[in-house]
Amino acid sequence: MTDTTAPEGTEVDSDTLTRLEQEGEIAADYLEGLLDIADLDGDIDMDVEADRAAVSVISEGSGRDLQKLVGRDGEVLEALQELTRLAVHRETGDRSRLMLDIAGFRAQKREELAELGAKAAQEAQSSGEAVKLRPMTPFERKVVHDAVKAAGLRSESEGEEPQRCVVVLP
């Protein structure tokens with residue numbers, strides 16, 4: 001199933017949309033092969049969100065088997081996302097910014113991080129001091145930056161990977 005959505009105010013031209021849908025198809029084929037090899041059940045859902053392909057592996061049942069593909073704190077998911085991006089790059093020759101979600105892990109993480117960003121913005125605004133958050137992955141930092149911006153404040157990343165963190169400014 002391919003569903004294409006773009007946030008309000010964001011337009012994806014037809015050439016870009018076609019390219020992103022192709023990335024999703026390549027990623028889905030790659031992931032289906034992986035699921036077959038690992039003997040895991042899961043359905044693949046493809047989408048285009050703003051300017052990137054998004055592919056989700058969802059479970060028909062409890063999703064416990066798919067948790068193996070998420071790993072501790074999403075470490076396996078991050079590795080699978082990079083492998084999937086490489087598979088897309090091998091086929092298209094273009095760098096992919098594809099986002100992979102497995103068993104709703106990223107969707108849940110996005111909600112938690114948006115809440116964390118909103119709370120940090122509220123704290124920075126009420127205290128008048130910068131609030132430094134724990135080190136995060138690029139995905140996590142992006143979600144927090146967006147939440148802080150939605151709250152009407154500014155934030156920036158500081159430090160070096162893997163200790164790079166978000167600082168919310170009052």
Side-chain angles (χ1 to χ4, degrees), residues 1-38 40-63 65-71 73-118 121 136-152 154-157 161 164 166:
M1 177 179 133
T2 301
D3 180 27
T4 55
T5 59
E8 287 183 35
T10 303
E11 290 185 27
V12 179
D13 66 50
S14 63
D15 289 343
T16 301
L17 185 60
T18 301
R19 182 181 53 79
L20 294 174
E21 287 174 341
Q22 178 189 18
E23 283 186 20
E25 293 287 340
I26 294 166
D29 290 345
Y30 176 79
L31 291 165
E32 283 175 3
L34 179 78
L35 290 173
D36 287 344
I37 291 168
L40 296 172
D41 290 326
D43 291 328
I44 311 276
D45 185 34
M46 295 175 291
D47 199 359
V48 173
E49 296 175 359
D51 60 346
R52 63 174 50 184
V55 178
S56 299
V57 180
I58 51 179
S59 176
E60 299 161 351
S62 68
D65 284 346
L66 291 181
Q67 291 304 316
K68 297 173 189 174
L69 298 179
V70 173
D73 295 327
E75 290 172 342
V76 176
L77 172 58
E78 289 289 333
L80 287 173
Q81 177 174 275
E82 286 307 310
L83 289 172
T84 305
R85 286 176 174 176
L86 286 171
V88 171
H89 178 50
R90 184 185 67 223
E91 292 289 322
T92 64
D94 295 324
R95 182 178 175 275
S96 173
R97 295 179 56 235
L98 175 131
M99 287 297 294
L100 175 63
D101 191 6
I102 298 176
F105 177 82
R106 271 199 211 278
Q108 180 180 350
K109 191 80 165 173
R110 184 177 278 127
E111 287 178 27
E112 292 169 4
L113 291 165
E115 188 175 314
L116 174 67
M136 298 179 188
T137 66
F139 162 76
E140 293 170 329
R141 290 193 310 269
K142 169 79 168 108
V143 173
V144 172
H145 285 305
D146 289 348
V148 170
K149 184 177 179 181
R154 248 179 13 96
S155 59
E156 50 190 45
S157 294
E161 296 291 352
R164 199 157 169 81
V166 174

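Source: prediction; values computed, not measured.
- Here the closest heavy-atom approach between residue A121 and residue A151 is recorded as CB-CB, 3.7 Å.
- Residue I26 holds its CD1 atom at 5.5 Å from OG1 of T92, rounded to the nearest 0.5 Å.
- A salt bridge (Lys or Arg N to Asp or Glu O under 4.0 Å) check over residues 102-116, counting only residues at least two apart or in different chains, returns the pairs E78-R106, K109-E140, E115-K119.
- Between L35 atom CG and D65 atom CG the span is 10.5 Å, to the nearest 0.5 Å.
- For the pair D29 and I44, the minimum side-chain heavy-atom distance is 4.5 Å or more.
- H89 NE2 to E23 CD: the interatomic distance, rounded to the nearest 0.5 Å, is 11.5 Å.
- Side-chain atoms of D101 come within 3.5 Å of backbone atoms of A107 as a donor-acceptor pair (strictly under, hydrogens ignored).
- With a 4.5 Å cut-off on side-chain heavy atoms, L31 and L100 count as touching.
- Looking only at atom types and distance, the side chain of H145 has a donor-acceptor partner in the side chain of S155 under 3.5 Å away.
- Taking D94 as the reference, nothing meets the side chain to side chain donor-acceptor pair (under 3.5 Å) condition, with sequence neighbours excluded.
- Side-chain contact check for L17 versus V48: some heavy-atom pair is nearer than 4.5 Å.
- Contact check on D146 versus K142 returns a salt bridge, with a Lys/Arg side-chain nitrogen under 4.0 Å from an Asp/Glu carboxylate oxygen.
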Criterion side chain to side chain contact (heavy atoms under 4.5 Å, CB included) on M99 and E49, from CA distance to verdict: CA-CA 9 Å; M99 287 297 294; E49 296 175 359; 5.9 Å; no
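- Note that the CZ atom of R85 and the CG atom of L83 stand 11.5 Å from one another [nearest 0.5 Å].
- Here the OG1-CG distance, from T137 to D73, works out to 10.5 Å after rounding to the nearest 0.5 Å.
- Nearest heavy-atom pair across M46 and G24 is SD-O, 3.1 Å.
- Within the 3.5 Å criterion, the main-chain N or O of M136 finds a donor-acceptor partner in the side chain of R141.
- Across all their heavy atoms, V55 and L98 have their closest contact at CG2-CD1, 3.7 Å.
- Atom CG of L66 sits about 9.5 Å away from atom CD1 of I58, to the nearest 0.5 Å.
- Across all non-hydrogen atoms, the minimal contact from L69 to V76 is O-CG1, 3.3 Å.
- Heavy-atom minimum distance, F105 versus L77: CD2-CD2, 3.6 Å.
- Pairing each heavy atom of A27 with each of T84, the nearest pair is CB-CG2, 3.4 Å.
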